[in-house]
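First the structure, in the form of structure tokens, and then the observations on it.
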Amino acid sequence: MKLIVAYIQPERLNAVKQSLYENEVYRLSVMNALGCGQQKGYHESYRGSDIEVNLLKKVRIEVAVNDEFVDGAVDAIIKGARTGKIGDGKIFISDLTECIRIRTGEKGKDAIGS
Amino acid sequence: MKLIVAYIQPERLNAVKQSLYENEVYRLSVMNALGCGQQKGYHESYRGSDIEVNLLKKVRIEVAVNDEFVDGAVDAIIKGARTGKIGDGKIFISDLTECIRIRTGEKGKDAIGS
Amino acid sequence: MKLIVAYIQPERLNAVKQSLYENEVYRLSVMNALGCGQQKGYHESYRGSDIEVNLLKKVRIEVAVNDEFVDGAVDAIIKGARTGKIGDGKIFISDLTECIRIRTGEKGKDAIGS
Amino acid sequence: MSKSVLSTVLLLCVFAMFGLPVAGLAGEVAEQSGADAMFWASNTWMLVATFLVFLMHLGFASLEAGMTRAKNTVNILFKNTAIISIGILTYALVGFNLMYPEEFTIGLFFGFGGFGIGELYDNVYIDDGIQAYTYWTDFIFQAMFAATAATIVSGAVAERIKLHSFLIVTTLYVAFVYPWLGSWQWGGGWLDDRGFYDFAGSTLVHSVGGWAALAGVILLGPRLGKYVNGSIKPIMGHNMPLATIGVFLLWLGWFGFNGGSVLSADPEMVSFVFVTTAIAASAGVMGAMILSWIIQKKPDLTMALNGALAGLVGITAGADVVSVTSAVIIGFIAGLIVVVSVIGLDRAKLDDPVGAISVHLICGIWGTLAVGIFSSEFSFATQLIGVVAYGVVAFAAALLIFGLVKATIGLRVSEAEELVGLDIGEHGMEAYSGFEIYTTQ
Amino acid sequence: MSKSVLSTVLLLCVFAMFGLPVAGLAGEVAEQSGADAMFWASNTWMLVATFLVFLMHLGFASLEAGMTRAKNTVNILFKNTAIISIGILTYALVGFNLMYPEEFTIGLFFGFGGFGIGELYDNVYIDDGIQAYTYWTDFIFQAMFAATAATIVSGAVAERIKLHSFLIVTTLYVAFVYPWLGSWQWGGGWLDDRGFYDFAGSTLVHSVGGWAALAGVILLGPRLGKYVNGSIKPIMGHNMPLATIGVFLLWLGWFGFNGGSVLSADPEMVSFVFVTTAIAASAGVMGAMILSWIIQKKPDLTMALNGALAGLVGITAGADVVSVTSAVIIGFIAGLIVVVSVIGLDRAKLDDPVGAISVHLICGIWGTLAVGIFSSEFSFATQLIGVVAYGVVAFAAALLIFGLVKATIGLRVSEAEELVGLDIGEHGMEAYSGFEIYTTQ
Amino acid sequence: MSKSVLSTVLLLCVFAMFGLPVAGLAGEVAEQSGADAMFWASNTWMLVATFLVFLMHLGFASLEAGMTRAKNTVNILFKNTAIISIGILTYALVGFNLMYPEEFTIGLFFGFGGFGIGELYDNVYIDDGIQAYTYWTDFIFQAMFAATAATIVSGAVAERIKLHSFLIVTTLYVAFVYPWLGSWQWGGGWLDDRGFYDFAGSTLVHSVGGWAALAGVILLGPRLGKYVNGSIKPIMGHNMPLATIGVFLLWLGWFGFNGGSVLSADPEMVSFVFVTTAIAASAGVMGAMILSWIIQKKPDLTMALNGALAGLVGITAGADVVSVTSAVIIGFIAGLIVVVSVIGLDRAKLDDPVGAISVHLICGIWGTLAVGIFSSEFSFATQLIGVVAYGVVAFAAALLIFGLVKATIGLRVSEAEELVGLDIGEHGMEAYSGFEIYTTQ
Ligand SMILES: Nc1ncnc2c1ncn2[C@@H]1O[C@H](COP(=O)(O)OP(=O)(O)O)[C@@H](O)[C@H]1O
Ligand SMILES: Nc1ncnc2c1ncn2[C@@H]1O[C@H](COP(=O)(O)OP(=O)(O)O)[C@@H](O)[C@H]1O
Ligand SMILES: Nc1ncnc2c1ncn2[C@@H]1O[C@H](COP(=O)(O)OP(=O)(O)O)[C@@H](O)[C@H]1O
């Protein structure tokens with residue numbers, strides 16, 4: 001089991017959800033985040049003083065999948081999130097040692113859902 | 001050391017905190033999240049148009065524990081979060097390679113707190 | 001590749017960003033979180049009733065780095081976040097198995113950025 | 001009017017040329033004109049008072065929304081928008097003629113002047129030396145009052161009552177109970193006859209609303225999670241600026257509520273009422289602020305805000321008959337009362353999210369009795385009779401209506417809906433779309 | 001007037017010294033005084049109406065901000081702050097004398113009284129038995145109206161129009177188009193001549209603004225993500241309390257908008273107008289609430305709020321000439337219309353975030369025609385002629401202005417800016433600094 | 001009053017029957033009646049102005065809350081609720097009789113008419129041909145003004161001052177300093193004697209408040225994190241809709257602030273004052289908008305909002321004596337000044353979160369001097385003397401009070417409290433319970 005964490009542009013969320021869905025990944029979790037990467041920030045100005053904003057709004061997606069679904073999920077995320085512009089985002093993958101469905105107590109492959 | 005991540009129904013947070021506490025797990029972190037799982041969403045309607053909402057409000061809990069506390073912590077979370085209804089949530093467990101308390105610089109077992 | 005997750009006091013964020021930057025770590029992600037640790041909470045009071053608030057506002061930082069940058073990043077975080085007072089926060093480190101830059105499809109060391 | 005003045009002038013000039021003794025005539029016409037102008041000023045003031053009372057509905061909406069959770073905000077705003085509309089329409093249909101029946105049919109206890117109001121604007125002027133406004137002004141000023149009683153209930157039953165149940169209860173209460181009870185005093189009924197005094201409605205509006213709030217709270221029970229294992233878990237309001245806007249707008253509106261209850265622009269009376277109203281509100285803030293600072297260690301904004309309203313409700317019954325010093329005392333005590341009452345009701349597990357019962361019922365009673373204490377013109381005993389009479393009937397009527405609705409279509413939303421919030425449950429909509437909000441409670 | 005009063009007094013004194021029969025004198029002075037006092041009351045009322053209409057601009061700002069996304073809020077607030085300022089200044093410079101030209105130069109179709117207004121306050125009193133206020137009151141009351149037409153456009157084109165393009169369009173429309181078109185009726189032009197009736201501006205203000213809104217919406221196109229693959233994706237407003245505050249303030253302001261359009265404090269007329277205004281708004285809420293409850297299954301707050309405005313726009317043309325029952329019907333139908341229109345425009349892919357076209361244009365037309373239906377004094381045909389005439393010219397003028405700006409500096413912000421929000425794009429600033437807000441749309 | 005009219009009529013009828021020569025009498029009574037009616041209209045207007053000024057307190061509360069961080073919102077709302085209450089009460093106790101002492105005891109420099117105000121409403125009418133209202137109207141109108149001076153301070157010292165320290169400073173300033181200084185001019189003191197002119201308080205209210213704001217800002221120091229290593233780190237306000245609501249309400253209230261300062265409903269003067277007030281505010285918006293667009297590249301909403309207030313403060317001293325064109329110039333320049341001043345004070349490391357010093361002090365000075373420039377009736381030199389005199393004494397008094405409090409109980413909250421926010425520190429409460437808010441600053 002793997003945990004896929006992706007940071008994407010907020011407005012790509014719907015597309016990512018859609019393309020994950022088409023790859024039979026139906027479960028995901030979403031959080032708001034601020035991120036600082038290659039993408040340069042912008043300047044705000046308030047009452048005559050300048051502010052450089054370099055923590056940009058991102059959406060953080062977490063998808064836990066069984067190993068056989070990893071590639072499909074990653075491709076789906078890339079498909080949905082990519083525009084070719086700097087700031088498109090990044091995907092991180094790590095190992096999951098266990099997964100438990102709270103309602104049923106199911107574990108592992110069955111619990112994860114896809 | 002393990003990192004336990006759980007997605008639960010927001011209103012179960014207090015119960016989960018309480019039952020973790022009873023299992024001597026005193027440290028945790030909490031975040032807002034939106035989640036999409038088996039639980040079906042609901043329909044909102046705005047000015048005559050329909051909106052299907054399938055990203056539901058969830059709470060994401062992170063608990064880092066030493067290995068011997070894992071089972072206790074997982075049981076505690078299940079006890080606090082379970083209602084038997086779809087949407088009760090899910091628990092993910094992964095390995096932690098290190099943990100450091102910023103104030104003291106302590107590492108590993110001592111730093112994690114439980 | 002490692003994933004460093006740190007919970008720090010919100011007002012230390014700028015200092016942490018600054019000191020990471022000085023250690024050539026330019027990429028990070030930030031989230032709001034509530035945390036419960038050694039630091040004791042405070043009491044609010046609303047319309048004559050008491051509320052104990054023990055989930056305190058924290059900032060959660062995620063920094064993914066190549067192995068050789070781990071120590072530098074951890075030190076930088078500690079340098080920026082430490083005040084010596086309870087509540088300074090904690091750092092968790094885990095393994096990353098893969099990292100992908102969405103725009104280019106680059107993987108691994110190159111993708112992570114530092 | 002102006003034109004007739006002009007022609008009279010011309011006429012007078014003609015008379016004058018013929019040397020006729022037009023003195024009396026000229027004098028009378030001129031007086032006429034002076035009195036008419038006074039009437040214009042009075043009517044204008046009454047319309048100003050009308051829109052101020054209208055604005056109180058925004059005040060209530062804001063206060064209630066601010067003092068409850070974000071997930072029930074749309075529901076509260078909807079209720080308040082509906083109430084003012086229903087209030088005005090039902091008052092036109094039945095309320096006005098139930099409250100001011102001209103003639104009572106059952107003793108001085110009940111009367112009904114027929115359905116509907118007039119149609120076109122050439123209707124009677126009302127000017128008996130005390131009241132000075134048109135029929136239409138009379139109607140619309142009173143109509144704005146009517147909806148207030150219903151709005152008071154709204155806050156107390158917030159966050160758990162079914163929308164359609166609430167609308168039914170409200171419509172019945174505002175269409176029939178409020179005006180009928182109002183007729184006892186302002187309609188010239190039996191309490192007026194006995195010398196009961198309630199200048200602008202500490203009892204007639206606020207307590208009458210407050211009794212219904214109490215009935216609703218009892219029959220609905222507390223919000224989920226409010227009283228857990230015997231301890232009180234405060235459920236914090238989600239928007240303090242909104243609550244504060246609400247209270248300032250209510251205070252503003254009260255200048256019309258009390259100031260308009262003079263029923264003319266009589267300079268001394270209206271201005272005196274402004275002074276007592278402002279002073280009592282200020283003293284109410286002080287009372288609540290000090291007591292909450294002592295009890296809670298830190299000064300509670302919501303208590304200070306409730307204190308202002310407490311002072312305002314307290315002075316409402318006697319704003320024109322008590323002295324300035326009395327206004328300070330009445331307001332200050334109301335401020336103390338509201339803090340004790342809010343905490344006390346919570347101990348009694350009566351869950352009133354906005355403090356409507358404390359502010360409107362308890363301080364309404366206090367204000368009504370205070371007239372008997374601070375004004376030598378009025379008897380404490382009579383004031384007490386009035387308070388009790390209104391209490392018994394209003395509470396019984398409210399219990400009946402709430403009870404019937406509970407027995408038939410039910411009062412309370414499901415537990416699941418309460419948890420997710422009435423905004424999604426009743427309206428399929430969120431108040432703060434896009435904002436990240438914790439919904440752990 | 002005042003001066004002539006003075007001279008009459010002096011004249012009379014002279015007469016008196018010569019022992020002339022001063023009966024008439026005393027009478028006249030006194031009458032004078034009575035009439036003067038009436039004038040004072042009237043002028044006071046008109047100034048109250050003025051500040052109420054001023055407050056409508058806060059109403060519009062709040063409503064628009066509440067009904068759009070958090071990321072465009074600063075932009076909306078900025079536009080509304082600028083519009084009222086530009087409106088008042090241009091109205092002083094050209095608008096007032098374009099709308100009330102005293103003499104027309106081209107038929108009864110166009111006239112211009114010259115630039116600027118008076119300088120110091122000893123200016124003429126206006127008192128023709130109907131209007132009763134000073135020159136300054138006249139100006140400032142009308143100036144507050146003027147900016148309203150521009151504000152209506154603001155809501156419809158929100159979330160995608162370039163700030164400077166909007167300001168240019170607005171300035172031209174409010175400085176030239178609105179007052180010129182207004183002169184046809186209120187300035188005594190050809191439509192007034194024909195017996196067209198528009199009491200307070202269902203057509204002159206609301207439809208004229210609404211036509212420009214429609215032109216803007218057509219030339220701008222819908223917001224990104226609103227219509228995707230043929231289906232409608234609602235873009236929810238971010239702050240319902242703010243939207244509700246907006247609507248209540250607009251309703252409040254309408255008491256001045258309609259009540260002030262009596263142009264004096266005439267007690268019967270002003271109070272009657274208050275009643276029809278309040279009744280129509282309430283009926284509008286009911287109409288929209290019921291229909292949206294039926295269509296959408298759950299009652300939609302934004303529809304109920306639009307319903308109140310629909311009722312208000314609907315009654316504006318005939319608030320003083322229709323009966324109370326007619327006011328109920330006009331308001332209720334307006335409430336139904338607005339729901340159908342909002343949904344219909346969405347189907348037609350005309351993206352109007354706040355419903356400005358439905359409320360101001362469609363209900364403005366309905367209200368104007370309703371005068372011909374519900375009042376026997378006015379002809380439906382004439383009302384229709386007025387509606388069509390205003391429609392053709394206002395829409396053409398708006399298309400022209402919007403078109404020219406689009407062709408030159410462009411109307412619409414870049415896609416990237418629209419995604420990140422106009423607050424950052426146009427102002428480099430956020431409305432809710434510190435709040436965590438989802439910007440996934 | 002009405003009754004006596006009636007009886008006179010009856011009397012006249014009786015006289016008429018006996019053929020007595022009642023011409024003079026009738027005339028006099030009638031005139032009386034006309035003048036009385038004017039008095040009614042005037043008093044009504046003054047009470048309207050009173051509630052408008054009251055509403056300014058909500059305006060200040062909203063503006064300040066909106067321009068600061070979410071974590072200090074409860075504190076700001078609490079302060080503003082307390083100030084208006086304390087202001088009214090202390091003004092009744094000492095302020096009113098200190099400001100209008102009837103007789104001065106030390107030169108024309110200090111006088112005190114004794115504690116408290118009247119008790120019951122049969123008090124003197126005030127009508128000297130210029131002022132026309134009752135004693136009570138006089139008091140309550142002035143009382144609403146008094147609290148304004150204190151509220152100005154509140155914004156400047158926000159986000160770091162201890163609650164009880166602030167309340168003590170405020171109480172002393174509003175109870176003693178403001179009314180004493182006011183007596184120099186409005187109370188008929190030495191500056192009035194010299195021909196200094198300040199119509200509605202550019203200096204007497206706004207600068208007096210502004211000087212205290214400056215003193216507070218100097219003694220408190222800047223907020224943590226505002227000036228870091230010599231560079232300015234803007235701390236953004238958390239709620240722009242709230243700030244905008246605040247400014248519109250202040251603008252609205254100013255129609256009462258300036259319009260009520262006519263002290264009667266004199267139609268020409270009040271309406272003229274409305275015009276100059278509205279025009280100057282509009283021009284202020286334009287000035288600030290244009291200059292901030294040039295300097296900051298993008299137009300800053302908070303600057304435009306401050307511009308409106310700058311124009312309003314600027315016109316306050318001469319609203320009734322300058323021409324319309326002068327009003328445009330005064331307002332526009334005020335709009336420029338405020339932008340320069342806000343940026344300049346920041347450079348000088350004087351941290352004023354809401355721009356109170358720039359708006360009220362700097363533009364108050366500008367407005368007062370402008371009277372000497374734009375009105376030939378008044379001397380620039382005298383205006384300057386007034387400005388300096390008020391500046392020296394107000395600033396000294398404020399430094400003294402702030403200094404004493406600082407030396408004894410301290411002014412500033414602890415660093416930890418400032419970081420976590422005063423809402424939790426001083427009140428144990430949050431303004432936006434449930435909302436997720438970044439508190440990284
Ligand atoms: N090494 C990293 N650690 C943590 N978060 C990262 C890292 N790299 C990228 N991110 C997250 O991904 C988001 C998108 O990054 P982006 O600018 O597209 O990546 P890059 O700069 O590598 O091209 C960032 O805003 C940040 O939230
Ligand atoms: N595979 C997954 N990856 C990421 N998040 C998940 C996954 N499965 C469940 N979740 C999270 O857990 C929440 C609860 O899921 P739930 O509907 O109870 O699970 P299930 O559908 O497996 O019964 C979801 O809303 C989502 O936030
Ligand atoms: N074991 C843990 N699991 C999850 N989060 C933790 C853990 N320990 C600490 N945290 C997070 O770190 C924050 C800071 O903790 P702190 O009070 O400084 O740690 P400690 O109590 O160990 O000294 C906490 O508020 C919480 O968010």
Side-chain angles (χ1 to χ4, degrees), chain A residues 1-8 10 12-34 58-67 70 73 76-77 80 92-114, chain B residues 1-10 12-13 15-16 19 29-41 51-63 65 67 70-71 73-97:
Chain A
M1 293 170 294
K2 300 276 185 212
L3 181 68
I4 305 170
V5 173
Y7 288 92
I8 59 169
R12 305 305 306 167
L13 176 62
N14 276 330
V16 170
K17 254 175 62 188
Q18 185 64 28
S19 92
L20 278 171
Y21 191 87
E22 284 160 12
N23 275 269
E24 289 168 42
V25 177
Y26 305 114
R27 289 172 171 79
L28 80 165
S29 300
V30 177
M31 264 158 286
N32 254 339
L34 296 177
K58 299 282 162 189
V59 157
R60 180 182 193 272
I61 298 177
E62 250 179 50
V63 196
V65 288
N66 286 313
D67 294 342
V70 172
I77 292 171
F92 302 105
I93 304 174
S94 55
D95 284 320
L96 273 184
T97 53
E98 185 57 285
C99 170
I100 303 148
R101 176 171 282 143
I102 292 176
R103 176 170 50 94
T104 57
E106 287 162 280
K107 295 207 169 173
K109 271 182 92 91
D110 298 334
I112 210 158
S114 52
Chain B
M1 292 170 293
K2 300 277 186 211
L3 181 68
I4 305 171
V5 172
Y7 288 91
I8 59 168
Q9 295 285 35
R12 306 305 304 166
L13 176 61
V16 169
S19 92
S29 300
V30 177
M31 264 158 286
N32 254 340
L34 296 177
C36 183
Q38 217 172 342
Q39 186 184 10
K40 74 172 192 308
I51 317 153
E52 216 213 301
V53 179
N54 47 25
L55 281 173
L56 305 174
K57 296 199 166 174
K58 298 282 162 188
V59 157
R60 181 183 191 272
I61 298 177
E62 251 179 48
V63 196
V65 288
D67 294 341
V70 173
D71 291 345
V74 168
D75 290 348
I77 292 172
I78 292 177
K79 181 158 164 264
R82 187 182 213 150
T83 65
K85 282 185 239 142
I86 284 176
D88 272 356
K90 212 169 275 184
I91 301 174
F92 302 105
I93 303 174
S94 55
D95 284 321
L96 274 183
T97 53

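So you know, we letter chains A, B, ... as the sequences are listed, proteins then strands, and number each from 1.
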Side chain of B:R82, backbone of A:R103: donor and acceptor closer than 3.5 Å?
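Such a contact is found between B:R82 side chain and A:R103 backbone.
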Looking at B:K90 and A:C99, would you say the former's side chain and the latter's main chain have a donor-acceptor pair under 3.5 Å?
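No; judged by distance alone, with no hydrogens or angles, the pair does not exist.
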Rounded to the nearest 0.5 Å, what's the gap from CD1 on B:I91 to CG on A:L96? Could you check?
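CG of A:L96 is found 12.5 Å from CD1 of B:I91.
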If I take atom CE from residue A:M31 and atom CE from residue B:M31, how far apart are they, to the nearest 0.5 angstrom?
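If I round to the nearest 0.5 Å, the distance is 6.5 Å.
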Side chain, backbone, both or neither: which part of [X] has a non-hydrogen atom closer than 4.5 Å to chain A?
X     : result
B:V74 : side chain
B:I4  : neither
B:K85 : backbone

Given heavy-atom pairs under 4.5 angstrom as the criterion, report whether the side chain, backbone, both or neither of [X] touches chain B.
X      : answer
A:E62  : side chain
A:K17  : side chain
A:T104 : backbone

Are B:D95 and A:D95 close enough that some pair of their side-chain heavy atoms sits under 4.5 Å apart?
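With C-beta onward as the side chain, the pair stays apart.
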Answer yes or no: is there a side-chain heavy-atom contact under 4.5 Å between B:I93 and A:I100?
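B:I93 reaches A:I100 side chain to side chain.
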Working note: B:K2 + A:E98, criterion salt bridge (Lys or Arg N to Asp or Glu O under 4.0 Å); need CA distance, chi angles, decisive distance, verdict.
CA-CA 10 Å; B:K2 300 277 186 211; A:E98 185 57 285; over 6 Å; no
Which pair of heavy atoms, one from B:L55 and one from A:L13, lies closest together, and at what distance?
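The answer is CD1-CD2, 4.0 Å.
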Which pair of heavy atoms, one from A:I112 and one from B:F92, lies closest together, and at what distance?
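Residues A:I112 and B:F92, closest heavy atoms: CG1-CE2, 4.3 Å.
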Can you tell me which of A:S29, A:S94, A:G105 forms the most heavy-atom pairs within a distance under 4.5 Å of chain B?
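The option with the most such pairs is A:S29.
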